[in-house]
2 protein chains.
Amino acid sequence: MPEQPVRARLVDVARAAGVSKATVSKVLNDRQDLSVRPETRRRVHEAAETLEYRPHSGARALAGAGTHALALLVPALANPTYVTIARGAYQRARELGYLSLLAEDFDGHEADESFNELVQAGRVDGLLIASARPGHPLLDALSRSRVPHVFLNRSVEGSGRNVTMDVARSSVTALDHLHSLGHRAVGHVAGPPGIAPSEVRKQAFLRHAGELGLSAAPVASGDFTEDGGVSATRELLRPADGAGRRPITAIYTSSLAQAIGAMAAIRDLGLRIPEDISVIGNDDLPVAGHLHPPLTTVAMPLYELGTAAVDALVATIEGGPSGDVVVPTEPRLVLRRSTAGPGESP
Amino acid sequence: MPEQPVRARLVDVARAAGVSKATVSKVLNDRQDLSVRPETRRRVHEAAETLEYRPHSGARALAGAGTHALALLVPALANPTYVTIARGAYQRARELGYLSLLAEDFDGHEADESFNELVQAGRVDGLLIASARPGHPLLDALSRSRVPHVFLNRSVEGSGRNVTMDVARSSVTALDHLHSLGHRAVGHVAGPPGIAPSEVRKQAFLRHAGELGLSAAPVASGDFTEDGGVSATRELLRPADGAGRRPITAIYTSSLAQAIGAMAAIRDLGLRIPEDISVIGNDDLPVAGHLHPPLTTVAMPLYELGTAAVDALVATIEGGPSGDVVVPTEPRLVLRRSTAGPGESP
DNA sequence: ACGACCTAGGAAACCGGTTGACTGAAGCTG
DNA sequence: CAGCTTCAGTCAACCGGTTTCCTAGGTCGT
């Protein structure tokens, strides 16, 4: 039997450095309640280094220090939006000495289970929740237990723990762009009702449409998927008057996938993009630039959302106060060829 | 100070059921080395139920039982392929009493760190590795330690721990389809060199092209991204002879993103799909059906790959033997409108 | 009637860290 | 030079499970 390359334990480091477990623990955790000679400190660090010591997270958690792990709950990983957020969260967590785990929360179906497995089982110190919606079972569990958590992207009103982007601004940016191209009748493909950013975008769209004096600003809801975009777009393009005139000349969608669906639906109706209908979507990802035509988008600061959420959560875990946060980076218009003046080529 | 709704602990359950910790532990873990009266067993389960008892994963891990957690390392979450795999893994893991965690391994950059944080810190019992490639730092770490693991999708030759799909078959399926439409000169957009499924697909493509007697079967490599598809496609379509004739009439890509890139590149050259060039991609996802034109694909059994990998890993963890596994489900052709006979409309 | 053998369950050690109370030695003070 | 601090660390309890021996009481065979 070959030598098992056993993990180094605290006591191994202690032995190697010629000190006690307690000293090693305190030195490595940089605790203030202990005075150590620099020389000793050095020996400890050196021993830990050569032995490649990693504290056992379970033991640490048991002893009352946390696990130094967070979990990010996203509603749908297939939506690459959340992947960008997750990356931001992961990186920032690492910088703060935490590990960020990723879990898909199939719109509440698995939420209880995830909650149990992650929080109750003591695997994580806190939750980053991107899957909130009214009536979500998780909200209940959270209020019963006292687990540190923040809501990101999908905020929960009155929680005082929301980390969001300036979603309203994205509607304004998109609408200003279309308006400046000459569009006066713009439709909006909104996300499902009840979901915070979806509602905010819709309200901002309607408000700003009013401010710009648009002649029409119909809204249709659909899932944040391609199919959701297809059905909402069909609804928007159905001739409203008997004359058979198209009610709108441009569409603004709440997600990238919806925009892809919208483009498909528009073409199915025999219309051209952007000559007949301009399309602009939210969230910029590589695929947008490779569509036909390349899609104009409003890029949201997703990565920053992830980092900001971790900052807020870690602050909470470490005893700080909590409060709503809005990521300062503004949505950015990414101009491509799916938008043009009504009747024009790009 | 409000009552902290503390987690129920083992001893709480024991007290409630009127037995000892040991008994509860054994009953809940269904251990054979103890005889209990059915009545006692019932009481224990009941108490655990009403107290909503969840074992503390850290404590359990410390005591020598595992963590009952696995980690899935994927090379790029932005590639939705891996999301489907992850779902399969997650579900199957749950059925087996495990929790599957998801981590992005930025092509080796973070692999060591992930390995340390997950394995060395004792957070997981085993690894599902989908990010292998020759020279990957993880391979070293794995051979040094004795952590249970399997490689999925991207196999590692000689490891005896590969869980794969019939990737060669997917090339045959795609090529047969194009051949039956009348194509005799087909190009292949392969993945990066050195990556197992990429190489296998390419070899199978070349072999079957030979079997079918194609007049041309050029191959160009590119990343599994849209941009990778663009550049490889440009290479394939560059006129080879002085005559300026296009060398091929169809393109088969190794990933869906590459297919999207290929379509963009084809259009940029002023060519039509499928009249001038047919396109067929690997992996079927919702977006494929909403492209312009809707993309014909070869659907791979990704979900099953995830479940099979978990089966294999858990078997290893629980002391079983290991061995290579190939998911039995065959690749399936999903016919859409990006393929047609040379010169024809779909 | 008495030991052998089950049956049902309990006591306690142990896993690997953390933490607050404690201590021996050196330095300072009066 | 005795007493008080400060310094530099040590001791041991503890976290919440699991597991390995035990044991008390009842059953069975002879």
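Reminder, nothing fancy here: chain letters follow the sequence lines and each chain counts from 1.
- In this entry the distance linking CZ of Arg15(B) with P of dG10(C) reads 13 Å, nearest Å.
- Within residues 18-46 of chain A, the residues approached by DNA chain C to less than 4.0 Å at the level of any non-hydrogen atom are Lys21(A), Ala22(A), Ser25(A), Lys26(A), Asn29(A), Arg31(A), in residue-number order.
- Environment of CD in Glu49(B): sparse, with no more than 12 heavy atoms of neighbouring residues, nucleotides or ligands closer than 6.0 Å.
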| task | Let me see the working for Arg92(A) and Asp311(A) under salt bridge (Lys or Arg N to Asp or Glu O under 4.0 Å), right down to the final yes or no. | result | CA-CA 8 Å; Arg92(A) 190 84 188 101; Asp311(A) 283 337; 2.7 Å; yes
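- Listed here is the closest heavy atom pair of Val27(A) and Val44(A): CG1-CG1, 3.8 Å.
- Checking Gly64(A) against Arg9(A), the closest nucleotide of DNA chain C that is more toward the 5' end is the one next to Arg9(A).
- Within 6.0 Å of the CD atom in Glu95(A), the count of heavy atoms belonging to other residues, nucleotides or ligands exceeds 12.
- Looking at Asp125(A), its side chain never comes within 3.5 Å of a backbone N or O of Leu70(A) through a donor-acceptor pair.
- When only modelled atom types and interatomic distance are considered, Ser159(A) and Asn162(A) share a side-chain donor-acceptor pair under 3.5 Å.
- More than 12 heavy atoms of other residues, nucleotides or ligands sit less than 6.0 Å from atom CD of Glu39(A).
- Protein chain A touches strand DNA chain D; the 5'-most and 3'-most nucleotides with an atom under 4.0 angstrom of its non-hydrogen atoms are dC7(D) to dG16(D).
- Counting only distance, with no hydrogens or angles, the side chain of Thr316(A) and the backbone of Ala312(A) share a donor-acceptor pair below 3.5 Å.
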